[in-house]
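Take a look at the structure below.
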Amino acid sequence: MKRVLIIGGGIVGATIAYELSLDRRFEITLLDRSTPNEASTGAALGILMGIISQKTKGRAWRLREASLRRYPHLIAAISEQTGETIPQVQGLINLCFSEAEMETWQQLATVRHSQGWELELWDTAQLKTALPALNISDLVGAVYSPQDFQVNPQALTQTLIKASEQNGVNIQRGVEATEVSVTSNENYQQCHTVHSNEGDWETDYLIVAAGLGSFPLTRQLQQPLTLRPVLGQAMRVRLNTNLSETQLQRVITGDDVHVIPLGNQEYWVGATVEFPDQPVETPLDTVWEKARRFYPPLADAEILETWSGKRPRPEGQGAPVIEYLKGYDNVILATGHYRNGVLLAPATAAQVKQLISAC
Ligand SMILES: Cc1cc2nc3c(=O)[nH]c(=O)nc-3n(C[C@H](O)[C@H](O)[C@H](O)COP(=O)(O)OP(=O)(O)OC[C@H]3O[C@@H](n4cnc5c(N)ncnc54)[C@H](O)[C@@H]3O)c2cc1C
(Lines give C-alpha, C1' and ligand atoms only; values in the text may rest on other atoms or scores of the structure.)
Protein backbone atom coordinates (compact mmCIF):
# COMPACT_ATOMS: atom_id res chain seq x y z
CA MET A 1 0.00 0.00 0.00
CA LYS A 2 1.16 3.51 -0.78
CA ARG A 3 1.18 5.97 2.10
CA VAL A 4 -0.62 9.23 1.33
CA LEU A 5 -0.40 12.22 3.66
CA ILE A 6 -2.99 14.99 3.21
CA ILE A 7 -2.35 18.34 4.87
CA GLY A 8 -5.66 20.17 5.42
CA GLY A 9 -9.10 18.91 6.37
CA GLY A 10 -11.32 21.61 4.87
CA ILE A 11 -13.80 20.62 2.19
CA VAL A 12 -11.00 19.95 -0.31
CA GLY A 13 -8.79 17.75 1.90
CA ALA A 14 -11.83 15.94 3.35
CA THR A 15 -13.20 15.10 -0.11
CA ILE A 16 -9.80 13.87 -1.29
CA ALA A 17 -9.46 11.70 1.84
CA TYR A 18 -12.89 10.15 1.30
CA GLU A 19 -12.49 9.50 -2.44
CA LEU A 20 -9.02 7.98 -1.98
CA SER A 21 -10.32 5.86 0.91
CA LEU A 22 -12.53 4.02 -1.60
CA ASP A 23 -9.34 2.79 -3.28
CA ARG A 24 -7.75 0.11 -1.13
CA ARG A 25 -4.27 0.79 -2.59
CA PHE A 26 -3.73 3.73 -0.25
CA GLU A 27 -2.96 4.08 3.44
CA ILE A 28 -4.14 7.61 4.18
CA THR A 29 -3.43 10.09 6.95
CA LEU A 30 -5.00 13.56 7.11
CA LEU A 31 -3.49 16.27 9.33
CA ASP A 32 -5.32 19.44 10.31
CA ARG A 33 -3.88 22.02 12.65
CA SER A 34 -7.31 22.97 13.97
CA THR A 35 -10.57 21.09 13.83
CA PRO A 36 -11.24 20.21 10.20
CA ASN A 37 -13.99 22.50 8.95
CA GLU A 38 -12.69 25.79 10.27
CA ALA A 39 -10.74 28.21 8.03
CA SER A 40 -12.44 28.99 4.67
CA THR A 41 -14.81 26.02 4.76
CA GLY A 42 -16.12 27.07 8.17
CA ALA A 43 -17.30 30.37 6.64
CA ALA A 44 -18.61 29.07 3.30
CA LEU A 45 -22.20 29.26 2.13
CA GLY A 46 -22.01 26.12 -0.01
CA ILE A 47 -23.70 27.44 -3.13
CA LEU A 48 -22.80 25.28 -6.11
CA MET A 49 -23.00 27.65 -9.06
CA GLY A 50 -22.18 25.20 -11.81
CA ILE A 51 -24.80 25.23 -14.55
CA ILE A 52 -25.57 28.87 -13.83
CA SER A 53 -21.92 29.90 -14.08
CA GLN A 54 -20.81 31.61 -17.28
CA LYS A 55 -18.09 28.98 -17.85
CA THR A 56 -19.09 26.91 -20.86
CA LYS A 57 -15.89 25.19 -21.99
CA GLY A 58 -12.32 24.37 -21.10
CA ARG A 59 -11.00 23.40 -17.70
CA ALA A 60 -13.31 25.70 -15.72
CA TRP A 61 -16.43 24.05 -17.14
CA ARG A 62 -15.01 20.49 -17.07
CA LEU A 63 -14.30 20.80 -13.34
CA ARG A 64 -17.74 22.23 -12.63
CA GLU A 65 -19.52 19.58 -14.64
CA ALA A 66 -17.50 16.75 -13.09
CA SER A 67 -18.42 18.01 -9.61
CA LEU A 68 -22.10 18.40 -10.46
CA ARG A 69 -22.23 14.86 -11.79
CA ARG A 70 -20.43 13.39 -8.79
CA TYR A 71 -22.16 15.33 -6.00
CA PRO A 72 -25.55 13.54 -5.83
CA HIS A 73 -23.84 10.12 -5.61
CA LEU A 74 -21.23 11.37 -3.14
CA ILE A 75 -23.81 12.89 -0.78
CA ALA A 76 -26.06 9.82 -1.01
CA ALA A 77 -23.15 7.45 -0.31
CA ILE A 78 -21.74 9.25 2.72
CA SER A 79 -25.20 9.95 4.18
CA GLU A 80 -26.13 6.28 3.90
CA GLN A 81 -22.80 5.11 5.30
CA THR A 82 -22.75 7.45 8.30
CA GLY A 83 -26.47 7.99 8.94
CA GLU A 84 -25.85 11.76 8.88
CA THR A 85 -28.21 14.26 7.23
CA ILE A 86 -26.57 16.92 5.06
CA PRO A 87 -28.91 19.91 4.56
CA GLN A 88 -29.38 20.99 0.94
CA VAL A 89 -31.47 23.55 -0.97
CA GLN A 90 -32.34 22.57 -4.53
CA GLY A 91 -32.51 25.25 -7.25
CA LEU A 92 -30.93 28.68 -7.74
CA ILE A 93 -32.68 31.85 -8.90
CA ASN A 94 -30.42 34.58 -10.23
CA LEU A 95 -32.13 37.96 -10.51
CA CYS A 96 -31.56 40.08 -13.62
CA PHE A 97 -31.45 43.86 -13.52
CA SER A 98 -31.11 44.64 -17.26
CA GLU A 99 -32.19 43.35 -20.67
CA ALA A 100 -28.54 42.92 -21.61
CA GLU A 101 -28.12 40.51 -18.69
CA MET A 102 -31.20 38.57 -19.80
CA GLU A 103 -29.72 38.22 -23.27
CA THR A 104 -26.50 36.79 -21.84
CA TRP A 105 -28.51 34.26 -19.82
CA GLN A 106 -30.56 33.36 -22.89
CA GLN A 107 -27.35 32.52 -24.75
CA LEU A 108 -26.13 30.49 -21.79
CA ALA A 109 -29.45 28.61 -21.60
CA THR A 110 -29.03 27.60 -25.26
CA VAL A 111 -25.53 26.30 -24.60
CA ARG A 112 -26.63 24.44 -21.48
CA HIS A 113 -29.50 22.76 -23.30
CA SER A 114 -27.04 21.53 -25.93
CA GLN A 115 -24.89 20.18 -23.07
CA GLY A 116 -27.87 18.36 -21.54
CA TRP A 117 -28.51 20.73 -18.63
CA GLU A 118 -31.55 22.87 -17.84
CA LEU A 119 -31.81 26.65 -17.40
CA GLU A 120 -35.10 28.56 -17.46
CA LEU A 121 -35.59 32.25 -18.16
CA TRP A 122 -38.36 33.85 -16.12
CA ASP A 123 -40.06 37.19 -16.74
CA THR A 124 -41.18 39.34 -13.82
CA ALA A 125 -44.67 37.81 -13.82
CA GLN A 126 -43.21 34.31 -13.37
CA LEU A 127 -40.90 35.66 -10.68
CA LYS A 128 -43.77 37.25 -8.80
CA THR A 129 -45.73 33.99 -8.94
CA ALA A 130 -42.77 32.00 -7.62
CA LEU A 131 -41.74 34.61 -5.04
CA PRO A 132 -44.63 36.95 -4.15
CA ALA A 133 -42.58 38.80 -1.53
CA LEU A 134 -39.80 39.75 -3.95
CA ASN A 135 -39.33 43.41 -4.89
CA ILE A 136 -39.41 43.29 -8.67
CA SER A 137 -39.23 47.06 -9.24
CA ASP A 138 -35.53 46.96 -10.28
CA LEU A 139 -35.80 43.64 -12.10
CA VAL A 140 -36.42 42.61 -15.69
CA GLY A 141 -36.56 38.89 -14.90
CA ALA A 142 -34.43 36.03 -13.65
CA VAL A 143 -32.68 32.89 -14.68
CA TYR A 144 -33.63 29.73 -12.80
CA SER A 145 -31.31 26.76 -12.52
CA PRO A 146 -33.25 23.76 -11.17
CA GLN A 147 -30.24 21.42 -11.11
CA ASP A 148 -27.80 23.66 -9.22
CA PHE A 149 -28.08 23.51 -5.45
CA GLN A 150 -26.67 24.57 -2.12
CA VAL A 151 -25.22 22.19 0.42
CA ASN A 152 -24.30 22.92 4.02
CA PRO A 153 -20.50 22.88 3.70
CA GLN A 154 -19.77 22.29 7.36
CA ALA A 155 -22.15 19.31 7.65
CA LEU A 156 -20.77 17.96 4.39
CA THR A 157 -17.15 18.23 5.52
CA GLN A 158 -17.87 16.63 8.89
CA THR A 159 -19.67 13.75 7.20
CA LEU A 160 -16.84 13.26 4.70
CA ILE A 161 -14.38 13.13 7.58
CA LYS A 162 -16.57 10.66 9.49
CA ALA A 163 -16.99 8.42 6.43
CA SER A 164 -13.24 8.60 5.70
CA GLU A 165 -12.42 7.63 9.28
CA GLN A 166 -14.83 4.69 9.03
CA ASN A 167 -13.03 3.67 5.83
CA GLY A 168 -9.72 3.57 7.68
CA VAL A 169 -8.29 7.07 7.13
CA ASN A 170 -6.18 8.21 10.06
CA ILE A 171 -7.55 11.67 10.91
CA GLN A 172 -5.19 13.73 13.08
CA ARG A 173 -6.81 16.86 14.53
CA GLY A 174 -4.72 19.60 16.11
CA VAL A 175 -1.59 18.55 14.20
CA GLU A 176 0.25 21.30 12.36
CA ALA A 177 2.69 20.44 9.60
CA THR A 178 5.66 22.68 10.28
CA GLU A 179 8.55 21.40 8.16
CA VAL A 180 9.15 19.07 5.27
CA SER A 181 12.18 16.88 4.56
CA VAL A 182 13.12 16.27 0.97
CA THR A 183 15.48 13.99 -1.00
CA SER A 184 16.70 14.60 -4.56
CA ASN A 185 17.58 12.36 -7.45
CA GLU A 186 18.77 13.33 -10.90
CA ASN A 187 15.38 14.43 -12.20
CA TYR A 188 13.09 15.08 -9.28
CA GLN A 189 12.84 15.90 -5.66
CA GLN A 190 10.68 13.90 -3.27
CA CYS A 191 9.15 14.74 0.07
CA HIS A 192 9.60 11.78 2.40
CA THR A 193 8.82 13.20 5.87
CA VAL A 194 6.51 15.90 7.21
CA HIS A 195 7.41 17.22 10.64
CA SER A 196 4.69 18.47 12.97
CA ASN A 197 4.00 19.58 16.52
CA GLU A 198 3.02 15.94 17.16
CA GLY A 199 6.02 14.20 15.61
CA ASP A 200 7.10 13.06 12.15
CA TRP A 201 4.99 11.52 9.39
CA GLU A 202 6.65 9.49 6.65
CA THR A 203 4.89 9.31 3.33
CA ASP A 204 5.06 8.19 -0.29
CA TYR A 205 2.77 11.00 -1.50
CA LEU A 206 2.11 14.40 0.00
CA ILE A 207 -1.10 16.25 -0.87
CA VAL A 208 -1.14 19.92 0.08
CA ALA A 209 -4.82 20.87 0.59
CA ALA A 210 -4.15 23.47 3.25
CA GLY A 211 -6.03 26.44 1.76
CA LEU A 212 -4.23 29.64 2.70
CA GLY A 213 -1.83 27.51 4.78
CA SER A 214 -0.49 26.05 1.51
CA PHE A 215 1.79 29.05 0.95
CA PRO A 216 4.19 28.44 3.89
CA LEU A 217 4.33 24.73 3.03
CA THR A 218 5.21 25.34 -0.62
CA ARG A 219 7.77 27.94 0.48
CA GLN A 220 9.37 25.23 2.65
CA LEU A 221 9.55 23.11 -0.50
CA GLN A 222 11.28 25.99 -2.33
CA GLN A 223 8.35 26.43 -4.78
CA PRO A 224 6.20 29.10 -3.13
CA LEU A 225 2.62 29.30 -4.35
CA THR A 226 1.31 32.77 -3.63
CA LEU A 227 -2.30 32.83 -2.42
CA ARG A 228 -4.13 36.08 -1.74
CA PRO A 229 -6.74 36.03 1.04
CA VAL A 230 -10.00 37.48 -0.32
CA LEU A 231 -12.73 38.43 2.13
CA GLY A 232 -16.11 36.73 2.08
CA GLN A 233 -18.83 37.59 4.56
CA ALA A 234 -22.17 36.33 5.75
CA MET A 235 -24.84 36.44 8.42
CA ARG A 236 -27.64 34.26 9.79
CA VAL A 237 -30.93 36.06 10.27
CA ARG A 238 -34.43 35.18 11.44
CA LEU A 239 -37.60 36.78 10.07
CA ASN A 240 -39.94 38.23 12.63
CA THR A 241 -42.91 38.24 10.29
CA ASN A 242 -44.52 34.87 9.82
CA LEU A 243 -43.80 34.47 6.12
CA SER A 244 -45.02 31.19 4.70
CA GLU A 245 -42.11 28.78 4.24
CA THR A 246 -43.38 28.07 0.75
CA GLN A 247 -42.37 31.60 -0.24
CA LEU A 248 -38.66 30.95 -0.48
CA GLN A 249 -37.43 27.43 -0.92
CA ARG A 250 -34.60 28.12 -3.32
CA VAL A 251 -31.40 30.14 -3.20
CA ILE A 252 -31.83 33.68 -4.56
CA THR A 253 -28.86 35.60 -5.89
CA GLY A 254 -29.09 39.27 -6.78
CA ASP A 255 -26.25 41.70 -7.35
CA ASP A 256 -23.73 39.10 -6.05
CA VAL A 257 -25.59 38.74 -2.76
CA HIS A 258 -27.09 35.37 -1.83
CA VAL A 259 -30.10 34.53 0.33
CA ILE A 260 -30.32 30.89 1.41
CA PRO A 261 -33.39 29.52 3.23
CA LEU A 262 -32.49 27.34 6.23
CA GLY A 263 -36.03 26.60 7.45
CA ASN A 264 -37.75 27.90 10.63
CA GLN A 265 -37.84 31.46 9.16
CA GLU A 266 -34.00 31.51 9.19
CA TYR A 267 -31.75 32.49 6.32
CA TRP A 268 -28.07 32.85 5.51
CA VAL A 269 -27.33 36.10 3.71
CA GLY A 270 -23.87 36.55 2.28
CA ALA A 271 -21.56 37.55 -0.52
CA THR A 272 -18.79 35.68 -2.22
CA VAL A 273 -17.31 38.75 -3.87
CA GLU A 274 -15.66 41.79 -2.36
CA PHE A 275 -17.50 45.03 -3.06
CA PRO A 276 -14.91 47.69 -3.86
CA ASP A 277 -17.05 50.51 -2.44
CA GLN A 278 -17.84 48.86 0.88
CA PRO A 279 -16.65 50.68 4.01
CA VAL A 280 -13.94 48.61 5.70
CA GLU A 281 -15.40 49.10 9.18
CA THR A 282 -18.88 47.81 8.28
CA PRO A 283 -18.37 45.51 5.30
CA LEU A 284 -21.58 43.55 5.83
CA ASP A 285 -23.75 46.65 5.53
CA THR A 286 -23.50 46.59 1.73
CA VAL A 287 -24.53 42.95 1.60
CA TRP A 288 -27.42 43.48 4.01
CA GLU A 289 -28.66 46.55 2.16
CA LYS A 290 -28.67 44.78 -1.20
CA ALA A 291 -30.46 41.71 0.18
CA ARG A 292 -33.16 43.76 1.89
CA ARG A 293 -33.72 45.75 -1.27
CA PHE A 294 -34.60 42.75 -3.42
CA TYR A 295 -36.17 40.69 -0.62
CA PRO A 296 -38.08 43.17 1.60
CA PRO A 297 -39.29 40.62 4.21
CA LEU A 298 -35.69 40.73 5.46
CA ALA A 299 -36.11 44.41 6.42
CA ASP A 300 -37.14 43.68 9.99
CA ALA A 301 -35.26 40.40 10.38
CA GLU A 302 -33.18 39.82 13.47
CA ILE A 303 -29.46 39.29 12.86
CA LEU A 304 -28.49 36.18 14.85
CA GLU A 305 -24.80 36.01 13.94
CA THR A 306 -22.30 37.44 11.48
CA TRP A 307 -18.99 36.08 10.25
CA SER A 308 -16.37 36.50 7.61
CA GLY A 309 -13.71 34.29 6.12
CA LYS A 310 -10.77 34.45 3.76
CA ARG A 311 -10.80 32.64 0.47
CA PRO A 312 -7.52 31.44 -1.07
CA ARG A 313 -7.03 33.03 -4.48
CA PRO A 314 -3.91 31.99 -6.44
CA GLU A 315 -1.82 34.83 -7.82
CA GLY A 316 -0.61 34.61 -11.40
CA GLN A 317 -2.63 31.51 -12.30
CA GLY A 318 -6.22 30.37 -12.49
CA ALA A 319 -8.11 28.86 -9.58
CA PRO A 320 -7.90 26.10 -8.45
CA VAL A 321 -4.35 24.73 -8.47
CA ILE A 322 -4.42 20.94 -8.90
CA GLU A 323 -1.04 19.69 -10.10
CA TYR A 324 2.29 18.21 -9.11
CA LEU A 325 4.44 20.78 -7.36
CA LYS A 326 7.09 21.86 -9.84
CA GLY A 327 10.25 19.77 -9.50
CA TYR A 328 8.61 17.07 -7.32
CA ASP A 329 7.20 13.73 -8.35
CA ASN A 330 5.30 12.96 -5.13
CA VAL A 331 3.90 16.32 -3.97
CA ILE A 332 0.46 17.29 -5.30
CA LEU A 333 -1.14 20.69 -4.79
CA ALA A 334 -4.93 20.78 -4.36
CA THR A 335 -5.51 24.32 -3.27
CA GLY A 336 -6.34 27.90 -4.27
CA HIS A 337 -10.05 27.24 -4.82
CA TYR A 338 -10.97 30.85 -4.14
CA ARG A 339 -14.79 31.27 -4.46
CA ASN A 340 -15.62 27.71 -5.47
CA GLY A 341 -13.95 25.27 -3.11
CA VAL A 342 -17.20 23.57 -2.15
CA LEU A 343 -18.36 23.38 -5.76
CA LEU A 344 -15.07 22.03 -7.06
CA ALA A 345 -14.08 19.64 -4.26
CA PRO A 346 -15.34 16.42 -5.94
CA ALA A 347 -13.68 17.28 -9.27
CA THR A 348 -10.48 18.15 -7.41
CA ALA A 349 -10.48 14.79 -5.61
CA ALA A 350 -11.02 12.97 -8.91
CA GLN A 351 -8.10 14.81 -10.48
CA VAL A 352 -5.81 14.13 -7.51
CA LYS A 353 -6.68 10.44 -7.76
CA GLN A 354 -5.80 10.48 -11.45
CA LEU A 355 -2.47 12.20 -10.77
CA ILE A 356 -1.52 9.61 -8.15
CA SER A 357 -2.73 6.70 -10.25
CA ALA A 358 -0.78 7.89 -13.29
CA CYS A 359 2.47 7.86 -11.33
C1 LIG B 1 -18.06 33.85 3.30
C2 LIG B 1 -17.64 32.79 2.30
C3 LIG B 1 -18.59 32.22 1.49
C4 LIG B 1 -18.22 31.24 0.58
N5 LIG B 1 -19.19 30.66 -0.16
C6 LIG B 1 -18.87 29.66 -1.03
C7 LIG B 1 -19.89 29.04 -1.79
O8 LIG B 1 -21.06 29.40 -1.68
N9 LIG B 1 -19.54 28.03 -2.64
C10 LIG B 1 -18.25 27.60 -2.78
O11 LIG B 1 -18.00 26.67 -3.57
N12 LIG B 1 -17.25 28.19 -2.08
C13 LIG B 1 -17.53 29.21 -1.21
N14 LIG B 1 -16.55 29.85 -0.50
C15 LIG B 1 -15.16 29.48 -0.78
C16 LIG B 1 -14.78 28.21 -0.03
O17 LIG B 1 -15.05 28.41 1.33
C18 LIG B 1 -13.30 27.86 -0.23
O19 LIG B 1 -12.97 27.84 -1.58
C20 LIG B 1 -13.04 26.47 0.37
O21 LIG B 1 -13.53 26.39 1.69
C22 LIG B 1 -11.57 26.14 0.36
O23 LIG B 1 -11.45 24.88 0.99
P24 LIG B 1 -10.04 24.30 1.38
O25 LIG B 1 -10.29 22.95 1.95
O26 LIG B 1 -9.10 24.42 0.24
O27 LIG B 1 -9.46 25.32 2.46
P28 LIG B 1 -9.81 25.51 4.01
O29 LIG B 1 -11.24 25.33 4.29
O30 LIG B 1 -9.18 26.80 4.40
O31 LIG B 1 -9.07 24.30 4.71
C32 LIG B 1 -7.66 24.26 4.82
C33 LIG B 1 -7.36 23.49 6.09
O34 LIG B 1 -5.94 23.33 6.18
C35 LIG B 1 -5.56 23.42 7.52
N36 LIG B 1 -4.14 23.78 7.54
C37 LIG B 1 -3.56 24.88 7.00
N38 LIG B 1 -2.23 24.85 7.18
C39 LIG B 1 -1.96 23.70 7.85
C40 LIG B 1 -0.76 23.11 8.35
N41 LIG B 1 0.43 23.67 8.18
N42 LIG B 1 -0.86 21.92 9.00
C43 LIG B 1 -2.06 21.31 9.20
N44 LIG B 1 -3.21 21.85 8.75
C45 LIG B 1 -3.16 23.01 8.08
C46 LIG B 1 -6.47 24.49 8.10
O47 LIG B 1 -6.61 24.33 9.49
C48 LIG B 1 -7.78 24.23 7.36
O49 LIG B 1 -8.66 23.40 8.10
C50 LIG B 1 -16.86 30.82 0.45
C51 LIG B 1 -15.91 31.39 1.27
C52 LIG B 1 -16.28 32.37 2.20
C53 LIG B 1 -15.23 32.94 3.09
Side-chain angles (χ1 to χ4, degrees), residues 5-17 29-50 53 63-64 67-68 71 89 92 148-154 156-157 160-161 171-180 194-198 201 206-220 227 229-236 251 253 256-258 260 268-274 283-284 287 306-314 319-322 333-349:
L5 187 70
I6 302 168
I7 303 179
I11 184 62
V12 174
T15 312
I16 294 169
T29 301
L30 181 150
L31 311 182
D32 199 296
R33 65 182 169 200
S34 55
T35 316
N37 210 4
E38 289 187 10
S40 294
T41 304
L45 298 171
I47 303 171
L48 311 180
M49 300 186 90
S53 91
L63 288 174
R64 279 164 177 74
S67 274
L68 288 171
Y71 250 127
V89 178
L92 254 69
D148 281 318
F149 65 103
Q150 181 267 352
V151 58
N152 182 302
Q154 297 81 37
L156 173 63
T157 307
L160 283 161
I161 293 280
I171 306 283
Q172 293 286 327
R173 299 165 178 88
V175 177
E176 177 164 16
T178 48
E179 277 180 64
V180 189
V194 170
H195 309 280
S196 79
N197 56 329
E198 293 286 337
W201 305 85
L206 173 64
I207 298 172
V208 179
L212 285 166
S214 305
F215 169 69
L217 293 167
T218 54
R219 192 177 47 191
Q220 275 265 326
L227 295 163
V230 184
L231 186 74
Q233 49 206 330
M235 57 175 88
R236 184 166 63 91
V251 176
T253 297
D256 289 321
V257 169
H258 313 288
I260 301 160
W268 277 348
V269 178
T272 54
V273 296
E274 275 179 341
L284 259 171
V287 175
T306 63
W307 67 91
S308 65
K310 305 268 171 62
R311 293 158 295 159
R313 181 181 195 171
V321 180
I322 314 166
L333 300 176
T335 188
H337 287 70
Y338 185 36
R339 295 168 62 180
N340 289 305
V342 187
L343 170 63
L344 300 181
T348 302

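One-based numbering, in listed order, for ligands and for the atoms of each.
To the nearest 0.5 angstrom, Trp201 atom CH2 is 13.5 Å from Leu206 atom CG. We find the CG-CD distance between Leu48 and Gln150 to be 7.5 Å, quoted to the nearest 0.5 Å. Of the inter-residue distances, the one linking Ile47 atom CD1 with Thr253 atom OG1 reads 5.0 Å to the nearest 0.5 angstrom. Distance check, rounded to the nearest 0.5 Å: CD1 of Ile6 to CD1 of Ile171 gives 7.5 Å. The CZ atom of Arg33 sits 10.5 Å away from the CG atom of Asn197 when rounded to the nearest 0.5 Å.
Summary of contacts: the protein heavy atom closest to atom 19 (O) of ligand 1 is Tyr338 O, 2.8 Å. Given atom 24 (P) of ligand 1, the protein heavy atom at minimum distance is Val12 CG2, 3.8 Å. Counting only heavy atoms of the protein, atom 45 (C) of ligand 1 lies nearest to Arg33 CG, 3.8 Å. Atom 27 (O) of ligand 1 has as its closest protein heavy atom Gly211 CA, 3.7 Å. Taking atom 31 (O) of ligand 1 as the reference point, the nearest protein heavy-atom neighbour is Gly10 CA, 3.5 Å. With respect to atom 22 (C) of ligand 1, the closest heavy atom belonging to the protein is Ser40 CB, 4.0 Å.
The closest non-hydrogen atom to atom 35 (C) of ligand 1, taken over Val175, Asp32, Val251, comes from Asp32. Comparing Thr41, Ile16, Val287, Leu217 by heavy-atom distance to atom 29 (O) of ligand 1, the nearest is Thr41. For atom 13 (C) of ligand 1, the nearest non-hydrogen atom from the set Met235, Met49, Arg339, His258 belongs to Arg339. Between Thr335, Ile47, Val342, it is Ile47 that holds the heavy atom closest to atom 9 (N) of ligand 1. When the heavy atoms of Pro216, Ala334, Ala177 are ranked by distance to atom 42 (N) of ligand 1, first place goes to Ala177.
Considering every non-hydrogen atom in both Ala345 and Ser67, the closest pair reads N-OG, 4.2 Å. Nearest heavy-atom pair, Gln233 versus Leu284, reported as atom, atom and distance to 0.1 Å: OE1-N, 3.6 Å. The nearest pair of heavy atoms linking Ala334 to Val12 is O-CG1, 3.5 Å. Between Thr335 and Ser214, the shortest heavy-atom distance links the atoms OG1-OG, 2.9 Å.
Using 4.0 Å as the threshold, Gly270 has no heavy atom nearer than that to any atom of ligand 1. Residue contacts with ligand 1 include Asn340, since one of its heavy atoms falls under 4.0 Å from the ligand. Under a 4.0 angstrom heavy-atom cut-off, Gly46 registers as being in contact with ligand 1.
On a distance-only criterion, Pro312 and ligand 1 share no N/O pair closer than 3.5 Å. The distance criterion of under 3.5 Å between nitrogen or oxygen atoms is not met by Leu48 with respect to ligand 1. The shortest N or O to N or O distance between Arg311 and ligand 1 is not below 3.5 Å.
Heavy-atom contacts of Gly8 reach the following atoms of ligand 1: 33 (C), 34 (O), 35 (C) (cutoff under 4.0 Å). Atoms of ligand 1 found under 4.0 Å from any heavy atom of Gly213, numbered from 1 in the order shown, are 37 (C), 38 (N). Taking every heavy atom of Ala43 and a limit of under 4.0 angstrom, the matching atoms of ligand 1 come to 1 (C), 2 (C), 3 (C), 53 (C). In summary, the atoms of ligand 1 found under 4.0 Å from a heavy atom of Ala39, numbered by their order in the structure, are 28 (P), 30 (O), 48 (C). The ligand atoms of ligand 1 that sit less than 4.0 angstrom from a heavy atom of His337 are 19 (O).
Between the side chain of Glu198 and the main chain of Val175, no donor-acceptor pair closer than 3.5 Å is present. Judged by distance alone, with hydrogens and angles left aside, the side-chain atoms of Ser40 form a donor-acceptor pair with the main-chain N or O of Lys310 at under 3.5 Å. In this structure, the side chain of Thr157 engages the main chain of Pro153 through a donor-acceptor pair within 3.5 Å. Panel note: side chain Asn37, backbone Gln154; a donor-acceptor pair is recorded below 3.5 Å.
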